[in-house]
Amino acid sequence: EVQLQASGGGLVQAGGSLRLSCAASGFTFDDDYAIGWFRQAPGQGREGLSCISSSDGSTFYSDSVRGRFTISLDNAKNTVYLQMNSLKPVDTAFYYCAADQGGGAVQFLVSDPKGYDYWGQGTLVTVSS
């Protein structure tokens, strides 16, 4: 059974940093997967942030986080990370990770929630001003 466990959320002041983790089980990154991070603020839709390919390590970012967030993958730990720097109050949201089996193109998957096969539960990030 494929499972994704997101963690690392919390309360941080504006300008601070957090690192989110997405631990995968039921599959390994030796297989061809694309892992994405999304977020959803109260009353808003789900926003795609970043995506990484487990086969070639290619990455893509949305305009809203490019230059501030970095996605990475640790094959040994079967975990994907989202390093978030220079956080702003507008970054406050529930953050979710998702996996696409078959590894679609990261530049398209980054903004396409329907392209993913598996989702983890959300982890809350709150950025205070």
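Quick caveat, the model's predicted, so the values are computed rather than measured.
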*Which is it for Thr126 and Val12 under the side chain to side chain contact (heavy atoms under 4.5 Å, CB included) test, yes or no, and what are the steps along the way?*
CA-CA 6 Å; Thr126 303; Val12 64; over 6 Å; no
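Residues satisfying the side chain to side chain contact (heavy atoms under 4.5 Å, CB included) test with Thr79, not counting sequence neighbours, are Ser21, Ala23, Lys77, Tyr81. In this structure Arg66 satisfies the salt bridge (Lys or Arg N to Asp or Glu O under 4.0 Å) test together with Asp63, sequence neighbours excluded. In this structure, the disulfide (SG to SG under 2.5 Å) partners of Cys97, at least two apart in sequence or on a different chain, are Cys22. For Tyr96, the ring-ring contact (aromatic ring centres under 6.0 Å, His included) criterion is met by no residue, not counting sequence neighbours. When the salt bridge (Lys or Arg N to Asp or Glu O under 4.0 Å) test is applied to Asp56, no partner is found at least two apart in sequence or on another chain. Listed by chain and residue number, Phe29, Tyr33 satisfy the ring-ring contact (aromatic ring centres under 6.0 Å, His included) test with Phe27 (two or more places apart in sequence, or in another chain). For the salt bridge (Lys or Arg N to Asp or Glu O under 4.0 Å) test, residues two or more places apart in sequence or in another chain that qualify with Arg68 are Asp91. Not counting sequence neighbours, the partners of Val125 by the side chain to side chain contact (heavy atoms under 4.5 Å, CB included) test are Leu18, Leu20, Met84, Tyr95, Val127.
Residue Val106 belongs to a hydrophobic cluster whose other members are Phe60, Val110, with links defined by side-chain heavy atoms closer than 4.5 Å.
Ring centers of Trp119 and Phe38: under 6.0 Å apart, within the cut-off.
Within the 3.5 Å criterion, the main-chain N or O of Asp31 finds a donor-acceptor partner in the side chain of Ser54. Remark: the backbone N or O of Ala6 is paired with a side-chain donor or acceptor of Gln121 at under 3.5 angstrom.
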Name every donor-acceptor pair, under 3.5 Å, that has one atom in a side chain of residues 42-49 and the other anywhere in the protein, sequence neighbours excluded.
residue: Arg46; atom: NE; partner: Gln40; partner atom: OE1; Å: 3.4
residue: Arg46; atom: NH2; partner: Gln40; partner atom: OE1; Å: 3.3
residue: Glu47; atom: OE1; partner: Arg39; partner atom: NE; Å: 2.8
residue: Glu47; atom: OE1; partner: Arg39; partner atom: NH2; Å: 3.3
residue: Glu47; atom: OE2; partner: Ser64; partner atom: OG; Å: 2.8

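From Leu73, atom CG reaches atom CD1 of Ile52 across 5.0 Å, with rounding to the nearest 0.5 Å. The line from CD of Gln101 to CG of Asp32 is 9.5 Å long, rounded to the nearest 0.5 Å. Separating the OH atom in Tyr118 from the CG atom in Leu4 is a distance of 9.5 Å, to the nearest 0.5 Å.
A side-chain hydrogen bond (donor to acceptor under 3.5 Å, both in side chains) check over residues 3-17, counting only residues at least two apart or in different chains, returns the pairs Ser17-Asn85. Sorted by first then second residue, the disulfide bond (SG atoms under 2.5 Å apart) pairs that include residues 41-95, not counting sequence neighbours, number zero.
Atom CZ of Phe94 sits in a sparse spot, with 12 or fewer heavy atoms from other residues, nucleotides or ligands closer than 6.0 Å.
For Ala99 against Ile35, the heavy-atom pair with the smallest separation is CB-CD1, 3.6 Å. When every heavy atom of Leu109 is checked against every heavy atom of Ala34, the shortest pair comes out as CD1-CB, 3.5 Å. In terms of heavy-atom proximity, Ala93 sits nearest to Ala41 at CB-N, 3.7 Å.
Residue Phe108 is not grouped with residue Trp37 when hydrophobic side chains (ILVMFWY) are merged at heavy-atom distances under 4.5 angstrom, including chains of intermediate members.
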